[in-house]
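A short write-up of the structure that comes next.
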Amino acid sequence: MTHLATAAFFTGRPTTEIAQALLGTTLLYRTPTTTVGGLIVETEAYLGTHDTAAHAFNGRRTAFSEPLYRDPGTLYIYRLRANFLLDIVTQPAETPEGVLIRAIEPTLNIPKMVANRGKDGVLATNGPGKLMQALGIQDQQMNLQPLATSDLAIDLAQTRQPVKIQALPRVGVNPDAASGQLPLRFVVAGNPYQSDSRKRDWRDDHGWRQ
């Protein structure tokens with residue numbers, strides 16, 4: 001039975017816990033003709049006004065970052081250079097924290113995802129911009145939508161349990177800033193689809209419990 005995450009999943013506990021709880025759940029994108037998606041294997045937590053890497057650092061609030069101030073479970077889809085990225089808002093409204101979905105292991109309609117991306121294997125979804133391309137999302141139409149009623153969803157029934165979760169520094173943030181080296185990136189250890197994985201670290205079981 002499908003059990004989709006609602007707003008309640010994205011509040012009531014620290015954002016770092018939510019980021020780890022998302023690992024092994026299935027990110028779905030549903031269109032009129034198909035559903036694509038995969039297991040979430042890498043996330044990053046952004047902790048709001050005191051996090052130097054967060055879009056809401058020092059209480060910054062712009063049209064760009066407005067979704068962060070909305071209700072938990074709100075989609076924050078934004079463009080960074082040429083890439084669209086997916087963030088999901090955590091915590092109650094006016095507490096601008098969120099989780100960036102950085103990588104997924106494809107499981108549903110993989111040929112469609114490969115066709116969307118133009119790359120196969122780990123290169124299909126081993127980064128936040130890549131996974132959005134593979135899903136076929138290249139705009140911000142769902143920005144500000146509640147996850148519970150959008151074409152994107154988190155399926156809590158189609159899950160795997162990580163053998164080990166690693167906490168690492170986030171990617172692409174200023175390492176010299178106060179929050180720059182905090183271990184707020186969470187990965188399924190040994191999974192080849194995490195964004196900076198090395199082949200020698202890949203596990204045959206992709207890091208999932210049997």
Side-chain angles (χ1 to χ4, degrees), residues 3-27 38-61 65 67-78 80 85-105 125-128 131 146-148 152-156 159-191 193-197 201 206-209:
H3 176 204
L4 302 181
T6 64
F9 181 89
F10 297 98
T11 190
R13 51 186 166 165
T15 296
T16 51
E17 291 186 17
I18 296 168
Q20 293 174 77
L22 284 166
L23 296 175
T25 65
T26 297
L27 176 66
L39 297 164
I40 297 174
V41 301
E42 181 176 7
T43 59
E44 285 181 341
Y46 287 87
L47 305 182
T49 58
H50 300 293
D51 182 348
T52 58
H55 292 168
F57 177 57
N58 269 346
R60 187 185 304 119
R61 187 170 188 167
S65 63
L68 287 170
Y69 290 85
R70 301 299 180 90
D71 292 330
T74 297
L75 296 176
Y76 178 27
I77 297 174
Y78 60 94
L80 183 63
L85 307 185
L86 171 62
D87 196 293
I88 303 173
V89 177
T90 58
Q91 307 312 318
E94 304 300 321
T95 303
E97 300 188 14
V99 172
L100 174 69
I101 310 300
R102 279 201 58 90
I104 63 174
E105 177 179 334
T125 54
N126 67 340
L131 76 86
L147 180 72
L152 275 165
I154 302 289
D155 189 340
L156 302 178
T159 62
R160 299 289 300 274
Q161 292 299 314
V163 174
K164 179 183 178 183
I165 295 173
Q166 284 182 299
L168 304 164
R170 292 170 294 186
V171 176
V173 305
N174 180 0
D176 298 322
S179 305
Q181 293 296 315
L182 293 178
L184 296 175
R185 176 164 63 107
F186 303 99
V187 303
V188 177
N191 189 282
Y193 287 88
Q194 62 175 278
S195 58
D196 60 352
S197 68
D201 296 329
H206 288 193
W208 304 117
R209 294 189 187 280

Residues at least two apart in sequence or cross-chain that pass ring pair (Phe, Tyr, Trp, His ring centres under 6.0 Å) with Phe186, listed by chain then number, are none
Smallest heavy-atom separation, Ile88 atom then Gly73 atom, equals CG2-CA, 4.0 Å
Asn58 meets the side chain to side chain contact (heavy atoms under 4.5 Å, CB included) criterion, sequence neighbours left out, with none
In short, salt bridge (Lys or Arg N to Asp or Glu O under 4.0 Å) pairs touching residues 14-26 with sequence neighbours left out are none
Quick note, side chain to side chain donor-acceptor pair (under 3.5 Å) partners involving residues 159-176, not counting sequence neighbours, are Asp51-Arg170
- Do we see a donor-acceptor contact under 3.5 Å between the side chains of His55 and Tyr78? no
Residues passing the ring pair (Phe, Tyr, Trp, His ring centres under 6.0 Å) test with His206, sequence neighbours excluded, are none
Sequence neighbours excluded, the answer for salt bridge (charged side-chain N to carboxylate O under 4.0 Å, His left out) partners of Asp201 is Arg198
For Trp208 and Glu105, the nearest pair of non-hydrogen atoms, with its separation, is NE1-OE1, 3.0 Å
Across all chains, not counting sequence neighbours, the ring pair (Phe, Tyr, Trp, His ring centres under 6.0 Å) partners of Phe9 are none
Check: Run the side chain to side chain contact (heavy atoms under 4.5 Å, CB included) check on Leu27 and Leu131 step by step: do they pass?
Finding: CA-CA 10 Å; Leu27 176 66; Leu131 76 86; 4.1 Å; yes
Asp196 meets the side chain to side chain contact (heavy atoms under 4.5 Å, CB included) criterion, sequence neighbours left out, with Arg185, Gln194
On a heavy-atom basis, the closest approach of Leu86 and Leu100 is O-CD1, 3.3 Å
All heavy atoms of Val173 vs all of Gly180, minimum pair found to be CG2-O, 3.6 Å
Validation row: Asn191, Ser197 side chains within 4.5 angstrom (heavy atoms) | no
Closest non-hydrogen atoms of Pro96 and Thr49, given as atom of the first, atom of the second and distance, are CG-CG2, 4.0 Å
Here the salt bridge (Lys or Arg N to Asp or Glu O under 4.0 Å) pairs for residues 87-100, sequence neighbours left out, are Arg61-Glu94
Taken in chain and number order and not counting sequence neighbours, the residues that satisfy side chain to side chain contact (heavy atoms under 4.5 Å, CB included) with Thr6 are Ala8
*Can you list the steps and then say if Val41 with Val187 is a side chain to side chain contact (heavy atoms under 4.5 Å, CB included)?*
CA-CA 6 Å; Val41 301; Val187 303; over 6 Å; no
Hits for side-chain hydrogen bond (donor to acceptor under 3.5 Å, both in side chains) against Thr16, two or more places apart or cross-chain, chain-then-number order -> none
Hits for side-chain hydrogen bond (donor to acceptor under 3.5 Å, both in side chains) against Gln91, two or more places apart or cross-chain, chain-then-number order -> Thr15
